[in-house]
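Since the structure comes first, as structure tokens, the remarks are kept for the end.
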Amino acid sequence: MTSTQTSPLDSIVPRILENFAQKNRAREEALSASRAVIRLSANAIRAVHRGELDRAGAMLNEAREIRDRAVKGLEGHGDIYYAGFLHDAQKEYAEARTTLALLSGGDIPEPEALGVEYPAYLNGIAEAVGELRRMLLDRLRRGAYDGCEAILDAMDHIYAVLVTIDYPDAMTGGLRRTTDQTRGILEKTRGDLTLAMLQRQVIAALDRSPQGGP
């Protein structure tokens, strides 16, 4: 082949480079979106604990819009979509939505309603158990016992479901480890609530007892 002849690579390589450029743009946009979703989800959880439920919902609506745009931008780039960072963002989003729902008296949202993959959903609701523990302890510190058992029941229900899922970590996004952590959180919280209730009963009994001697 002389220098004047055209090589197939002259047309092949530019196509490859253009594909790489598109993929890199999609990756950078998805990374930025993932960081934004994680930040908004974390801020929403903090707002829930402060009782700012409407503000938390607004932040999660914004997170949903950002996430949806990122997912659309990754169409045709499945290798980037499944790279892991978007999974983490969706997990944080599912955790925040579950925390908001349960601590505002609602039901656990469905994965289809959240628009998240099943592994991210399961890990998200598992991590929400830690936020439920935080809320329960906050109530105990304030002496507000009403609703604490309902929170513990919600934690127990999540764990009871997760522990039945027995599939490889590659399919579940490492759910087994997260479930083990959930069990530890549940057991500690059950002990804390039991102790607090017993102390409350003892104090109530002392308050009812006669004061002084004959």
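Salt-bridge annotation for D169 and R177: absent, with no side-chain N of the basic residue lying under 4.0 Å from a carboxylate O of the acidic one. The pair R190-D156 meets the salt-bridge criterion, with a side-chain N (NZ, NE, NH1 or NH2) lying under 4.0 Å from an Asp/Glu carboxylate O.
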| request: Could you go through the side-chain contact (heavy atoms from CB on, under 4.5 Å) check for D68 and E65 one step at a time? | output: CA-CA 5 Å; D68 288 350; E65 293 175 1; 5.8 Å; no
| Would I125 and L162 count as a side-chain contact (heavy atoms from CB on, under 4.5 Å) if you check the C-alpha gap in whole Å, the side-chain angles of each, and the deciding distance to 0.1 Å? | CA-CA 9 Å; I125 65 172; L162 295 178; 4.2 Å; yes
| field | I108 and I158: CA distance, side-chain angles, deciding distance, side-chain contact (heavy atoms from CB on, under 4.5 Å) verdict | value | CA-CA 9 Å; I108 296 178; I158 291 173; 3.8 Å; yes
| task | Carefully, step by step, assess Q199 and L195 under the rule side-chain contact (heavy atoms from CB on, under 4.5 Å). | result | CA-CA 6 Å; Q199 290 174 337; L195 180 59; 3.9 Å; yes
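For CD of E112, the number of neighbouring non-hydrogen atoms (other residues, nucleotides, ligands) closer than 6.0 Å is greater than 12. More than 12 heavy atoms of other residues, nucleotides or ligands lie within 6.0 Å of CG in D153, so this atom counts as buried by the packing criterion. Heavy atoms of other residues, nucleotides or ligands lying less than 6.0 angstrom from CG of D146 number 12 at most. Counting non-hydrogen atoms of other residues, nucleotides and ligands closer than 6.0 Å to NE2 of H49 gives a total above 12. In R139, the CZ atom is crowded: over 12 heavy atoms of neighbouring residues, nucleotides or ligands sit closer than 6.0 Å.
In plain terms, the two heavy atoms of L114 and R67 that are nearest each other are O-NH2, 2.9 Å. Considering every non-hydrogen atom in both A154 and L132, the closest pair reads CB-CD1, 4.3 Å. Of all heavy-atom pairs spanning Q90 and E117, the tightest one is OE1-N, 3.4 Å. For the residue pair G73 and A26, the shortest heavy atom distance occurs at O-CB, 3.7 Å. The nearest pair of heavy atoms linking P119 to H87 is C-CE1, 3.7 Å. Among all heavy-atom pairs drawn from A56 and L100, the shortest one is CB-CD1, 4.3 Å.
Side-chain contact check for T172 versus R176: every heavy-atom pair is 4.5 Å or farther apart. Looking at V129 and Y159, their side chains never come closer than 4.5 Å, going by heavy atoms from C-beta outward. At a threshold of 4.5 Å between non-hydrogen side-chain atoms, the residues L60 and L40 do not count as touching. Looking at S34 and D88, their side chains never come closer than 4.5 Å, going by heavy atoms from C-beta outward. Contact check for R50 versus R55: side-chain heavy atoms found under the 4.5 Å cut-off. Proximity of E131 to E95: side-chain heavy atoms (C-beta onward) are separated by under 4.5 Å at one or more points. The side-chain heavy atoms of R46 and E52, taken from C-beta on, include no pair separated by under 4.5 Å.
One hydrophobic cluster, built from ILVMFWY side chains closer than 4.5 Å, cannot hold both I38 and L74; they sit in different ones. Residues L198 and L140 do not share a hydrophobic cluster, clusters being chains of Ile/Leu/Val/Met/Phe/Trp/Tyr side chains in contact below 4.5 Å. Residues Y118 and V71 fall into different hydrophobic clusters, defined by Ile, Leu, Val, Met, Phe, Trp and Tyr side chains chained together at heavy-atom separations under 4.5 Å. Cluster annotation: V37 and I45 are assigned to distinct hydrophobic clusters (Ile/Leu/Val/Met/Phe/Trp/Tyr, side-chain heavy-atom contacts under 4.5 Å, transitive). Hydrophobic clustering of Ile, Leu, Val, Met, Phe, Trp and Tyr side chains at less than 4.5 Å, counting indirect connections, unites V163 with Y167.
With hydrogens and angles ignored, the 3.5 Å screen pairs no side-chain donor or acceptor of S32 with any backbone N or O of E29. Between the D192 side chain and the L136 main chain, no donor and acceptor come within less than 3.5 Å of each other. Not a single donor-acceptor pair under 3.5 Å links the side chain of N24 to the backbone N or O of F20.
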Under 3.5 Å, which donor-acceptor pairs do the side chains of residues 180-189 form with other protein atoms, sequence neighbours left out?
unit_1, atom_1, unit_2, atom_2, d
T182, OG1, T178, O, 2.9
T189, OG1, R133, NH1, 3.0
T189, OG1, I185, O, 2.7

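Distance check: M171 CE to L122 CG gives 11.0 Å after rounding to the nearest 0.5 Å. One finds the CG atom of N61 at 11.0 Å from the CD1 atom of I66 (value rounded to the nearest 0.5 Å). Residue I16 holds its CD1 atom at 8.5 Å from CG of N19, rounded to the nearest 0.5 Å. In this structure, the separation between CZ on R97 and OG on S41 is 9.0 Å, given to the nearest 0.5 Å. To the nearest 0.5 Å, atoms CD1 (I165) and OG1 (T179) are separated by 7.0 Å. Here CE of M59 is found 11.0 Å from CZ of R39. Values are rounded to the nearest 0.5 Å.
R64 forms no cation-pi arrangement with Y93, by the criterion of a distance under 6.0 Å to the ring centre and an angle within 45° of the ring axis.
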